[in-house]
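I have placed the structure first, in the form of structure tokens, so that the comments after it can refer back to it.
Along the sequence shown, residues are numbered consecutively beginning with 1. Whatever order the structure lists ligands and atoms in, that order sets their numbers, starting from 1.
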Amino acid sequence: MDSEPDRKGPVLFYTKAVIDHFMNPRNTGELAEQDTDGFGMAGDPECGDQLKLWIKVHGGRIEKISFKSFGCPGAIATSSMLTALATGKTTEEARSITDDDVIEALGGIPENKKHCSLLGVRALQSAINDREARIREG
Ligand code: FES
């Protein structure tokens with residue numbers, strides 16, 4: 001006898017922008033070593049997801065940015081949007097991008113996926129710190 005599928009689980013409603021950035025993530029992959037001015041990583045110990053992010057800075061602005069995600073749809077969509085927001089910004093402007101900025105640019109994200117947007121924000125801040133350390137070290 002056929003049984004009804006279980007529809008009792010939590011249902012996540014994603015905006016069109018979230019689905020678009022998940023299905024067609026922007027700025028994915030690694031930057032070549034000669035193009036990399038900063039590299040950052042962030043992980044979420046709760047879910048085990050991870051993000052790596054590379055930046056190239058020219059004239060004080062983020063000229064290229066790219067990421068690799070080992071994470072959920074929320075992590076991929078928010079990281080993709082983060083890279084779109086950061087492109088062309090000065091490193092100081094990029095450093096001040098918050099997880100709320102990313103979520104707002106996506107038109108919202110389900111409550112239990114909000115933490116995913118922190119991965120990209122933290123990885124970008126870590127990449128900017130890495131770039132500054134490279135400059136200090138010459
Ligand atoms: Fe881990 Fe989304 S559930 S980053």
With a 4.0 Å heavy-atom cut-off (strictly under), which part of Glu46 contacts ligand 1: side chain, backbone, both or neither? neither
Can a salt bridge be assigned to the pair Lys52 and Glu30 using a cut-off of 4.0 Å between side-chain N and carboxylate O? no
Around atom NZ of Lys89, are there more than 12 heavy atoms from other residues, nucleotides or ligands closer than 6.0 Å? yes
Pairing of Arg95 and Glu132 as salt bridge, 4.0 angstrom limit: yes
When you measure from atom 4 (S) of ligand 1 to each heavy atom in Asp49, Asp44, Asn112, which option holds the nearest one? Asp49
Go through ligand 1 atom by atom and flag the ones less than 4.0 Å from a non-hydrogen atom of Ala75. 4 (S)
Could you list which atoms of ligand 1 come closer than 4.0 Å to a heavy atom of Leu119? 4 (S)
Is Asp35 paired with Lys64 through a side-chain N to carboxylate O contact shorter than 4.0 Å? yes
Does atom CD of Glu104 have more than 12 heavy-atom neighbours from other groups under 6.0 Å away? no
In ligand 1, which numbered atoms sit nearer than 4.0 Å to a non-hydrogen atom of Cys72? 2 (Fe), 3 (S), 4 (S)
Is any NZ, NE, NH1 or NH2 atom of the basic residue among Asp20 and Lys16 found under 4.0 Å from an Asp or Glu carboxylate oxygen of the other? no
Which ligand 1 atoms does Cys116 reach within 4.0 Å, using its non-hydrogen atoms? 2 (Fe), 3 (S), 4 (S)
Please confirm if an N, O or S atom belonging to His115, backbone or side chain, lies less than 2.8 Å from atom 2 (Fe) of ligand 1. no
